[in-house]
Each structure stands twice: as structure tokens, then as C-alpha cells.
Number of protein chains: 2
Amino acid sequence: MNYEIRRIENILKQKNYKITNGRKEIIKLFVKNRNNHYKPEKIYDLVKSYNISFPTVYRTIEILKKSGIIKETIIDRDRYYELQMFSKKSLHLHLKCMECGMVSDYIDTKSILYLLDQKDKIEKQHEMVLNNIYTTFYGICRDCRR
Amino acid sequence: MNYEIRRIENILKQKNYKITNGRKEIIKLFVKNRNNHYKPEKIYDLVKSYNISFPTVYRTIEILKKSGIIKETIIDRDRYYELQMFSKKSLHLHLKCMECGMVSDYIDTKSILYLLDQKDKIEKQHEMVLNNIYTTFYGICRDCRR
DNA sequence: TTTTTTGCAAAGACTTTGCATTGGA
DNA sequence: TCCAATGCAAAGTCTTTGCAAAAAA
């Protein structure tokens, strides 16, 4: 984990970003919780004890996103961020519970291959160049059905 | 078209909503342009000449959505609305151009069947009940590539 | 030291709400 | 007539920005 944090920090250094306390904590959060999807507010909640403000959270998210370290997914009107580097899930689908708001991954190789196939088809048919696919399934999760 | 407008108005009447001028114009807009996806601001632009305010646009959208007459799709952080009633496309995918913002439909029966199949699989595997699927492909459209 | 980053407060975009007035049935 | 719907202005969210102070290199 520390190796990964150092690698991320090096990427930022190469881009002439300074490794500040705020950035360190936010990077640590993503590396430590690589399967979680965090909204900006949640990130703020988790790091505010280190005296990190909302603008810094947003500004850091922007840098990490631009650098390909984290990935943004928008579900409903909310932004979610998760670690993209070192991630084995290249493309994945999301599930969202409409009751409690829980968002989780759905990783299924066949679906991904299917969607990539569609991508090729659309590129030809619509003469577009596509570079991202988002799929979200909405429903009620196990816990909320009880 | 007029028949469809009257049918929508009857649905609203049954729910004890009054058929006001503002609601009439917004319904007409959706029925006349059934393949378009409109953001709230665009709807406002198209009806403001009838003295319809922003709050009325938002309130009408809410009613039409709750009544199953229009369907909301969120792409990036923007809301888009389109006619759902009388629509032959039960489930469809969206394409978005990241350059000009254009959003269009991608209708492909095989993809839909595939996703519905995945839905069943997820429902079993995750013990969820799913009732909606959204897929968006992002890229650059033909016009913007020129 | 020098330049970037920060926190704060304020501004911005988009959306919703309170309320007196208007208008549909 | 009577209650729902409207426009206006104001308030709410969430996010971004300007700026002086602080911190990294």
C-alpha cells in the first residue's frame, strides 16, 4: 500500500504538484479503500479532522481525476470517486439501491465484452469515437427489502 | 398528436391536476418532439414566450415524471426529459458527445435483451430487485470530429 | 526564497420553497 | 366560488473562485 501511495505521489511530483498534507490524506483514503465509491462530502467527512477544507477536497479530486488516479462516476445527480490506478476492474457496471443509496460494483467479464462489442458497432453506425461506457442498474438491495 | 395530448391531459385530470396553460404547453412540447431529450433550461427557453416561469417548468416536470408521462435520464450532472408514454422504445441506451453535449438514443434490441438477462443474473446473485437500467456511451460525434 | 496551495468567505449554477395573487373547474 | 397553480423573490444545495496567509520545495 505504501508503495502505491509513493507511486501516486511521484506521479503528482512529476506534474509539479506539491505533496501537501491534504493531498496525502486524500490519496491514502482512496488507496486504503479501493473498493469504495465516495462522494465529495463523504471524502470531506473522512479527512476534515486533518484540517482539510471543502475547496481543498474538490481541488484535490480534480487533480487526481485529471492525472488518471481516480475515476469519476455520476449516478443520479451525485459524483462518486474511486481509485482507478492499480485497479483490476478496467470497466465495470454499477448497482444502486434507490432506498438507501448504496452503490456497488458489478463486475462481469461477459457484459464488458458485450458492451465493448456494442461500442465498435456504434462507432461504425454513428461515426463516433467512443471512449467510455457507464451502466447503472437501479433497484432495491437485500438489506432494504427486509 | 392531439389525441395523445388529450389522453395525457385526462390522466392529469384523473389525478386532480388542473389543465393550465403552462402544463398544456409543456405537454405539447414533449408530444411534438418525442425523440428529443430536453434539459429543464431548454424547456424553459421553449415555453417562456407563453409566460411560463422556471418554477412552473420544474413543478410540471415533476408531475409529468410522477405520472409516468415523461422519463428522466441523468447524464453527467444534467437532467434530460423525454416522452415516455406512447414510446415504442421501452429501454434504450444513450450516446453523448463530450464535445458538443449532444445526446441521442441508441436502440438495439440485442443489447436490451442482453442487459435484461444481466438484470436477472444480478437479482439472483446480489439478492436485489432491479427496475431500471441506464447505459451511456461517451465519445465524440461525427460533426465534432470534422 | 519563490511559487504553489490553503482556508475563508463569497460568488455561481441549478433547483426548490414561501407566499400573495391568479386562474381553472 | 374555492382550491390548486402561478410568478416572484428568496432560500437551499452543491461547487467553484478570489485573495491574503501559509506551506512546500
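Every heavy atom of this structure was used, including side-chain atoms; hydrogens, water molecules and symmetry mates were not. Every chain is numbered from 1, with letters handed out A, B, ... down the list of sequences.
- Of the candidate nucleotides D:dA5, D:dT17, C:dT15, D:dT17 has the atom lying nearest to any side-chain atom of A:Pro55.
- Within 4.0 Å of B:Phe54, counting heavy atoms only, lies no atom of the nucleic acid at all.
- Using a 4.5 Å heavy-atom threshold, the side chains of A:Lys65 and A:Tyr81 count as touching.
- Listed nucleotides: C:dT5, D:dT16, C:dT15. Nearest to the side chain of B:Pro40: C:dT15.
- At whole-Å resolution of the value, CG in A:Asn21 and C1' in C:dT5 are 12 Å apart.
- Judged as a side-chain hydrogen bond (donor to acceptor under 3.5 Å, both in side chains), the pairs with a partner in residues 47-56 of chain B (not counting sequence neighbours) are, in order, B:Asp45-B:Lys48, B:Ser53-B:Thr56.
- Separating the CZ atom of A:Arg59 from the P atom of C:dT6 is a distance of 7 Å, rounded to the nearest angstrom.
- In this model, the phosphate group of D:dT16 is approached by a side-chain N or O of A:Arg79 to a distance below 4.0 Å at OP1 or OP2.
- Within the 4.5 Å cutoff, the side chain of A:Leu115 has heavy atoms near those of the A:Thr135 side chain.
- For the residue pair B:Tyr114 / A:Gln118, no side-chain donor-acceptor distance below 3.5 Å is found, with atom types taken as modelled.
- Taking the side chain as every heavy atom from C-beta outward, B:Arg23 and B:Tyr17 approach each other to under 4.5 Å.
- Across residues 44-51 of chain B, not one residue has a non-hydrogen atom less than 4.0 Å from an atom of DNA chain C.
- For the pair A:Asp78 CG and D:dT15 C1', the computed distance is 13 Å after rounding to whole Å.
- Side-chain N/O atoms of B:Tyr138 and B:Asp76 include a donor and acceptor closer than 3.5 Å.
- Between A:Thr20 and C:dT6, a side-chain N or O to OP1/OP2 separation shorter than 4.0 Å is present.
- The side chain of A:Ser53 contributes no N or O atom lying less than 4.0 Å from OP1 or OP2 of C:dT6.
- Atom CD1 of B:Ile19 is separated from atom C1' of D:dC3 by 15 Å (rounded to the nearest Å).
- One atom, CD1 of A:Ile61, and another, C1' of C:dT5, lie 16 Å apart when rounded to the nearest Å.
- Atom-to-atom, NZ of B:Lys13 to C1' of D:dC3 comes out at 18 Å; the value is rounded to the nearest Å.
- Aromatic ring pairs are classed by plane angle as parallel below 30°, tilted from 30° to 60° and perpendicular above 60°; the pair A:His94 and A:His37 is perpendicular.
- Atom pair B:Tyr58:OH and D:dA11:C1' shows a separation of 15 Å (rounding to whole Å applied).
- Here the side chain of B:Lys18 is nearest to one of C:dT15, C:dG23, C:dG7, namely C:dG23.
- Contact annotation: A:Arg23 reaches the phosphate of C:dT5 (side-chain N/O to OP1 or OP2, under 4.0 Å).
- Atom NZ of B:Lys24 and atom P of D:dA4 are 19 Å apart (whole Å).
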